[in-house]
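What follows is a short report on a single structure.
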Amino acid sequence: MKHIDILIIDDEIKFADMLGRRLSLRGITCHACYDGQSGLEWIKTHPGAVTLILLDLKLPDIYGTQVLETIKEIDPAVPVFIITGHGTREDETACLAMGASEFIHKPVNIEKLTTLLNRPRGEGT
Amino acid sequence: MTSHASDLVHKQGLQFFGSVNASISHELKNIFAIISETAGFLNDLTQLSKQGQTFDLCLLENCSNSIAEEIERGFDTIRQMNQFAHSVDDPVKETRIHDTLALAVKLTGFLSFARKTRLEPSGTEITIDTSPFLLQTLVYRTLRALYRAMDTSAELTLTLRESEASLVTLIFSHDQAVDLTDFPDFRTADVAEVLKAAFTKSDTGLALTLPRENKDLRDKFAGG
C-alpha cells in the first residue's frame with residue numbers, strides 16, 4: 001500500500017491532534033496547522049510533501065473556501081477534503097465546484113475516512 | 001415608536017437568533033467531534049491492548065481529562081444559550097449592561113474569527129431601561145464587525161462609563177488601527193436608532209452611547 005502523508009488544517013487543536021493520532025494508528029502520517037495562513041505557508045514551504053489535505057471551513061483568519069482556492073492555485077493536483085461542523089448545502093456545492101474532492105461533516109467516521117484516504121487518485125480524488 | 005421600528009424588532013430579532021443559534025450549534029458540533037474522536041481513540045487503544053500491544057497509561061488519563069474538559073465546555077455553551085434565550089422574556093426592562101456585555105463577549109466567542117476580548121469590571125452596577133434583546137443584538141453586531149476588521153493578534157477591551165446622568169457609554173478599545181469605514185451597516189444602524197444609541201469612531205476605538213431611559217420603547221412594549 002502506498003504511504004499516505006496528509007495535512008490537517010483545523011483551528012480545533014484537540015480535534016486535529018486526535019484525528020491525526022487515530023489516522024497515524026492506521027498507517028497515515030499526519031501534519032497539522034491550526035489556521036489558514038499557517039496552513040498555506042506550510043504547503044508553500046513543503047511542495048509535494050502531502051498526498052492529501054483535510055481542511056476545515058471555519059478558520060479564525062481566512063474562510064476555508066479562500067484557503068481552498070489558494071491551495072488549488074499552489075498545487076491544483078492535491079486532493080482536498082473539507083471537514084466541517086457547520087457546512088451548509090451551499091457551502092458543499094461551492095467547495096465541490098472549487099475543486100474539493102469530498103465534503104465531510106463532523107464528527108468523522110474514521111473507517112470511512114481511512115477508506116477514502118486510501119482510495120487511489122483518479123477514483124474521485 | 002414607528003411601525004418600521006416595530007418590524008425591525010421582529011425581523012432583526014429573528015435574524016439575530018438564527019445567527020447566534022448557528023454559531024452555538026457549530027460550537028456544540030466541534031465539542032461532540034472532539035469527544036467522538038477521543039472516544040474513538042480510546043477504542044483504538046482497547047483494540048491494540050487486546051492484540052497484546054502496550055501503550056503509555058498517561059494516554060488514558062489525557063483522554064479522560066480531555067473528555068471532561070469538553071463536557072464542561074459543552075455545559076458552559078448551553079448555559080450561554082439558555083441565558084441568551086431568556087433575553088427575550090421581557091421586551092423592555094431595567095438591564096444590567098455588564099451582564100449584556102459579558103454574554104455578548106461569550107456568544108461572539110463562538111465565531112471562528114473571534115478575537116481576544118477583555119471586559120473591564122465596572123465599579124458600580126450600571127443599569128439602563130431598554131430592550132435587553134435589542135441591546136444584546138447591537139453589542140453583538142458591534143463586536144462581530146470589530147472582530148472582522150481586526151487582525152488575529154489584535155485585542156479588544158470593553159469598558160463601561162457613566163458619561164452623564166442620563167447617558168451610559170460603552171467603549172470598545174483596540175490595540176491596532178482598524179478600518180471601520182462601512183460600520184455601522186444599515187441593519188446595525190437601524191437597531192441603534194431604535195435604542196437611541198450613537199456611535200463615535202476614533203483611531204483607537206469605538207464608543208457607543210446609550211440613554212438610561214428609552215421612553216418610546218417602554219411605551220411601545222410595556223404600555224408605559
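Every value quoted in this text rests on a predicted model; they were computed, and no experiment measured them.
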- chain B shares the most heavy-atom pairs under 4.5 Å, among A:R22, A:E12, A:H105, A:R21, with A:R22
- Flag the pair B:R73 and B:E70 as a salt bridge only when some basic side-chain nitrogen lies within less than 4.0 angstrom of an acidic carboxylate oxygen. yes
- Just say parallel, tilted or perpendicular for the rings of B:F17 and B:F84, cut-offs at 30° and 60°. tilted
- Note on the structure: If one checks every heavy atom of B:L42 against chain A at 4.5 Å, the contacting part turns out to be neither
- Task: Would you please classify the geometry between the A:H31 ring and the A:W42 ring as parallel, tilted or perpendicular, with 30° and 60° separating the classes?
- Result: tilted
- Task: Would you mind checking which part of B:L111 comes under 4.5 Å of any heavy atom in chain A, side chain (CB onward), backbone (N, CA, C, O), both or neither?
- Result: neither
- Honestly, the part of B:A22 sitting under 4.5 Å from a heavy atom of chain A is both
- For chain A, find which of B:N30, B:L48, B:D151 contributes the most heavy-atom pairs closer than 4.5 angstrom. B:N30
- Would you mind checking if B:D182 and B:R148 are paired as a salt bridge, meaning a charged N to carboxylate O distance below 4.0 Å? no
- Message: With a 4.5 angstrom heavy-atom cut-off, is it the side chain or the backbone of A:L59 that approaches chain B, or both, or neither?
- Response: backbone
- Structural part of B:S66 lying under 4.5 Å from a heavy atom of chain A: both
- Does A:E102 pair with A:K112 as a salt bridge, N-O distance under 4.0 Å? no
- Could you state the interatomic distance from CZ (B:R141) to CG (B:L143), rounded to the nearest 0.5 Å? 12.0 Å
